[in-house]
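Each remark here refers to the structure printed beneath this line.
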Amino acid sequence: MKIPDNTNLADAVLSGEVPWPLNPERPYDAPRICPLCGRRMVVKISPMAWEAACSRHGILRSEWVER
Ligand SMILES: [Zn+2]
């Protein structure tokens, strides 16, 4: 899958436009479905982090949303 250069999803989450966590009961889970368009996301999970990518809205990384 080609991942776009844009950061629409990360921007939406970090600006608060998309409430985070998506699932308050499982705040550390990677998103499986893009909250902007509902497409299935490609998720890579490592022991300490995850990275999820939407083919339209770009990448979101766990390190960006953990506080
Ligand atoms: Zn999307």
Side-chain angles (χ1 to χ4, degrees):
M1 182 178 85
K2 180 166 177 5
I3 304 300
D5 291 336
N6 76 59
T7 57
N8 289 350
L9 177 55
D11 291 347
V13 168
L14 297 177
S15 71
E17 186 184 326
V18 169
W20 193 267
L22 295 178
N23 181 349
E25 294 176 2
R26 308 197 62 170
Y28 302 110
D29 281 11
R32 300 287 174 172
I33 302 291
C34 176
L36 294 181
C37 66
R39 285 179 171 77
R40 187 169 294 275
M41 301 183 75
V42 175
V43 180
K44 285 187 248 173
I45 296 177
S46 64
M48 299 300 293
W50 50 256
E51 178 181 295
C54 170
S55 62
R56 290 282 292 274
H57 296 110
I59 286 172
L60 185 66
R61 291 201 175 107
S62 57
E63 64 201 65
W64 298 345
V65 294
E66 284 166 2
R67 282 155 248 184

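A quick note: this is a predicted structure, and the numbers were derived from the prediction, not measured. When a ligand or atom number is given, it counts from 1 through the structure's own listing order. Reckoned from all heavy atoms, side chains included, excluding hydrogens, waters and symmetry mates.
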Closest approach of Pro4 to Ser55 (non-hydrogen atoms, all atoms of both residues): CD-O, 3.3 Å

Counting only protein N, O or S atoms (no waters) closer than 2.8 Å to the Zn ion (ligand 1) gives 4

Let me confirm one number: the CG-CZ distance from Leu9 to Arg39, rounded to the nearest 0.5 Å. 12.5 Å

What residue pairs, at least two apart or across chains, pass side-chain hydrogen bond (donor to acceptor under 3.5 Å, both in side chains) with a residue in residues 25-34? Arg26-Asp29

With a 4.5 Å cut-off on side-chain heavy-atom distances among I, L, V, M, F, W and Y, is there a chain of contacts connecting Leu60 to Ile33? no

Where is the tightest heavy-atom contact between Pro31 and Val43, given as atom of each residue plus distance? O-CG2, 3.3 Å

For Asp11 and Ser15, does a side-chain donor sit closer than 3.5 Å to a side-chain acceptor? no

